[in-house]
Amino acid sequence: MAEKETRQALLRQIPAIDAVVLLARNDPFLQNISKVILVRCARRVVENLRADILSDARTISADHLDDTHILEKVRAAVKTLLNPYLVPLVNATGIVVHTNLGRSILCADAVEHMVAVASRYSNLEYDLAAGKRGSRYACVEETICELCGSQAAMVVNNNAGAVLLGLETLAKDRAVIISRGELVEIGGSFRIPDVMAKSGAILKEVGTTNRTHLKDYEEAIEKGTGLLLKVHKSNYAIEGFTADVSLQMLVDLGKKYKLPVMEDLGSGTLIDFSKYGMMKEPTVSDSVSTGADVVTFSGDKLLGGPQAGILVGKKDPIEKIKKNPLTRALRVDKLTFAALESTLALYRDEKIAIDSIPTLRMLTLPVEVIEEKAHSLARMLDDLREPKLSCRFLRLSSKAGGGALPELTVPTVCLGIKVKGISPNSLEKFMRQNTPPIIGRLERDLFVMDLRTVLEDELSIITTAFTRLLNKA
Ligand SMILES: *Cc1c(COP(=O)(O)O)cnc(C)c1O
C-alpha cells in the first residue's frame, strides 16, 4: 500500500518533456544542441525514469527527480546520442568468431589496405594494363583459385547470399536433393529450407535426421532434379547411430546422372586445423578436389577476413553465376575487396597467416600463452591492492563460434572475478557499460573473462575499469 502511494507520488513528480527541454535550454553544455535532439533525449530520460519507478520505486527517491539530476541525465543522453552507436569493445568471451561481436577482427594489412583504398579513387573496375573497364573480381579471383585449387571464383556479400545465388542459378524451378540431417538453421535468420524457397528451387529432403545413405539420394533423382546439395552441419553434431554420404560420393553420383553438386561449407577453412592439435576439418581445397561444381563459404568466419561469401568451383557454373542478374544485388564493396585481398595474400605462407590473422592466431594460441595473459591480468589487478577484489583461475574451454565448428573447442584459461559488496550481475553490467565495453560472462557467481580473445593491450583497459568500479563502490 505504502509502496503504491510512493510510486504514484514519484510518477507525479516526473517533469513534462517540454519542461525538461526548457530546463536544458539554460544549461551551458546543452544550449547549443538542436531542439530535435533535446526533445528526443528529454523523452528518453522521462520514459526511463517512469520505467524505473514502475519496476522498482525503491531505487528512486524524490531528489533523483530534481532539476540537477534530470539535467545530468539529459546531458548523458545527449552525449550517448552524439557519440557513435557502433564502438570497439573487449571480447572476453573466448568465442573467437562471435557473430554478435563482429565475427573476425581484420589483420593489420587488411585495415591499412582498406584505409588506403577508401580515401582515394581506385581501379576497382578499371583495367590499368588495357586502359578500359575491368572486372570487379579481378583483385581476388586468381588468389582464391590458387589457394583453393579451383578453376574459378566469385565473391558476394556473405555466404547466405552465395548459397542463394548458387541455388538460383543452378536449380531455380528444379528439385534440390538434400539430406534431412542437413536442413540446418544458422543464427536464427538463415535456414536452409527458407533460403531454398527464396531461390525458387524445390526442396527434396531425403534420408533421416541421423542416417542418410547414397541410395536415398539416388532413388530421389528424377527428371526435374536440378542439383545435389550438401550443407555443413555448422553448429550442431549428431553422435551415435549415424550415417552420412561424403561429398565425394555425391560428386560421383552427380557424374553418373549428369547433375551438378554444390556444397555449403559454412565456415570454410583454408588451413588444416588438425596440424595445430585441433579436430580435422576438411579444407576448402579438400572439397574442391572432390570435383564438386560449386563450394561456398564465409569470409569472416574461420578465414578471418571481412564479411563476404565466396563461391569456388568449376569454370562453367561459376561463369553462369557471375552472369546472374542477382549478382548485382549481392555485390561486394571496394572496402571488402581491399580487406579480402590483403587477408588472402597472407595465406600464401601458412606460418605468416597463423601469426598475423587474428582469428587464426587466437584459435591456435597455445594454452600456456593464454595462461601467461591470465597471470599478467591477475598481477595487474593485484597491484590495485583492493581487499574487496578476488581472482580465481579457471581451466575451461573456448569455442570457435560463429556457427563455425560445433566440435571445435580448445582448452583455455579464464579469470573469474568477485568483488565484495557488488553482485555478479551488477559487475557484469558495469563492465558491459564501460567505455570501452568489456564483455565477459557469469559463471559460478563469478564474472568470468576468457583471455583467449583478449588482446595484450586490453589488459590495462580491464584494469582501469576495475579501478573505476572500486572507486565508486
Ligand atoms: C554461417 C553459415 C552460413 C551463413 O554465412 P554468412 O556469411 O553468415 O551469411 C551459411 N551456411 C552455413 C552452413 C553456415 O555455417
Side-chain angles (χ1 to χ4, degrees), residues 99 102-104 106 110 114 117-118 122 124-125 133-145 148 150-174 176 184-201 203 226-227 229 231-232 234 260 262-268 284 287 292-303 305-341 343-344 402-403:
T99 298
R103 290 202 180 158
S104 288
L106 294 178
M114 269 173 86
V117 166
S122 64
L124 179 64
E125 279 186 18
R133 191 189 164 143
S135 156
R136 182 175 266 263
Y137 306 100
C139 61
V140 290
E141 181 162 6
E142 270 183 34
T143 315
I144 297 175
C145 290
C148 303
S150 63
Q151 295 171 0
M154 159 79 184
V155 180
V156 292
N157 230 321
N158 55 16
N159 186 34
V163 175
L164 176 75
L165 186 61
L167 289 172
E168 216 269 352
T169 313
L170 303 175
K172 187 169 161 45
D173 299 325
R174 274 173 295 160
V176 174
V184 295
E185 169 178 309
I186 289 118
S189 52
F190 180 88
R191 294 175 134 192
I192 289 291
D194 297 347
V195 174
M196 189 94 75
K198 285 288 173 204
S199 75
L203 173 71
L227 179 75
L229 178 66
V231 175
H232 193 287
S234 290
M262 181 165 113
E263 179 176 44
D264 172 17
L265 262 180
S267 210
V284 178
S287 290
D293 294 83
V294 177
V295 177
T296 72
F297 58 101
S298 279
D300 56 354
K301 288 185 181 171
L302 292 181
L303 188 77
Q307 179 189 303
I310 302 174
L311 300 109
V312 293
K314 298 214 174 120
K315 198 157 189 70
D316 283 353
I318 298 286
E319 288 307 318
K320 236 172 117 186
I321 285 169
K322 283 185 187 161
K323 294 199 186 96
N324 188 329
L326 246 189
T327 301
R328 177 61 191 249
L330 301 167
R331 194 162 93 161
V332 167
D333 165 66
K334 63 189 172 195
L335 299 183
T336 304
F337 275 123
L340 189 60
E341 182 179 13
T343 307
L344 290 169

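Just so it is clear, the values below take in all heavy atoms, side chains as well, and ignore hydrogens, waters and symmetry mates. The residues of the chain are indexed from 1 along the displayed sequence.
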* To do: Please confirm whether the backbone N or O of Lys314 pairs with a side-chain atom of Gln151, one donor and one acceptor, at under 3.5 Å?
  => no

* Would you confirm whether Arg136, through its side chain, and Phe337, through its main-chain N or O, come within 3.5 Å as a donor-acceptor pair? => no

* Asked: Are the charged groups of Glu168 and Lys320 less than 4.0 angstrom apart, N to O?
  -> no

* Asked: CG/Leu326 to CD1/Ile321 distance, rounded to the nearest 0.5 angstrom?
  -> 11.0 Å

* Leu170 and Val294, any side-chain heavy atoms less than 4.5 Å apart -> yes

* Measure the spacing between CG of Leu303 and CD1 of Ile310 and express it to the nearest 0.5 Å. => 5.0 Å

* 4.5 Å side-chain heavy-atom contact, Glu185 and Asp194 -> no

* Determine yes or no for a side-chain-to-main-chain donor-acceptor pair under 3.5 angstrom, with Asn324 supplying the side chain and Thr327 the backbone. => no

* To do: Check Ser150 against Gly313 and note the closest heavy-atom contact, atom names and distance.
  => CB-N, 3.6 Å

* Asked: Can you check whether Arg174 reaches Leu227 side chain to side chain, under 4.5 Å on heavy atoms?
  -> no

* **CD1 on Ile192 to CG on Asp264, rounded to 0.5 Å** => 5.0 Å

* Given side-chain contact (heavy atoms from CB on, under 4.5 Å), test Val312 with Phe297 step by step and report yes or no. => CA-CA 9 Å; Val312 293; Phe297 58 101; 4.2 Å; yes

* Counting only heavy atoms not in Glu142, do more than 12 sit closer than 6.0 Å to its CD atom? -> no

* Can you name the nearest heavy-atom pair linking Ser287 to Val295, along with the distance? -> CB-CG2, 4.0 Å

* Asked: Quick one: does Asn157's side chain get under 4.5 Å of Gln307's, heavy atoms only?
  -> yes

* Asked: Closest approach of Cys145 and Ala153, non-hydrogen atoms and distance?
  -> SG-N, 3.9 Å

* How far apart are the C-alpha atoms of Ser104 and Asp300, what are their side-chain angles, what is the distance that settles it, and do they pass the side-chain hydrogen bond (donor to acceptor under 3.5 Å, both in side chains) test? -> CA-CA 5 Å; Ser104 288; Asp300 56 354; over 6 Å; no

* **Closest approach of Gly268 to Leu302 (non-hydrogen atoms, all atoms of both residues)** => O-CB, 3.8 Å

* **Side chain to side chain, Val184 and His232, heavy atoms closer than 4.5 Å** => no

* Would you call Lys322 and Glu141 a salt bridge, taking side-chain N to carboxylate O under 4.0 Å as the test? -> yes

* Going by heavy atoms in the side chains, are Val231 and Leu265 under 4.5 Å from each other? -> no

* Structure fact -> Heavy-atom nearest pair, Ile144 first then Leu344, reads CG1-CD1, 3.5 Å

* Asked: Going from CD on Glu125 to OG on Ser135, what distance comes out if it is rounded to the nearest 0.5 angstrom?
  -> 7.5 Å

* Where the side chain of Thr343 meets the backbone of Ala339, is there a donor-acceptor pair that is under 3.5 Å apart? -> yes

* Output the distance between atom CG (Leu311) and atom CE (Met154), rounded to the nearest 0.5 Å. => 7.0 Å

* **Heavy-atom closest contact (Val176 atom, Met196 atom, distance)** => CB-SD, 3.7 Å

* To do: Give me the one residue out of Asn158, Val195, Asn159, Leu164 that meets side-chain contact (heavy atoms from CB on, under 4.5 Å) with Phe190.
  => Val195

* Pro306 side chain near Leu106 side chain, heavy-atom distance below 4.5 Å -> yes

* Measuring from Leu229:CG to Leu167:CG, what's the distance to the nearest 0.5 Å? -> 6.0 Å

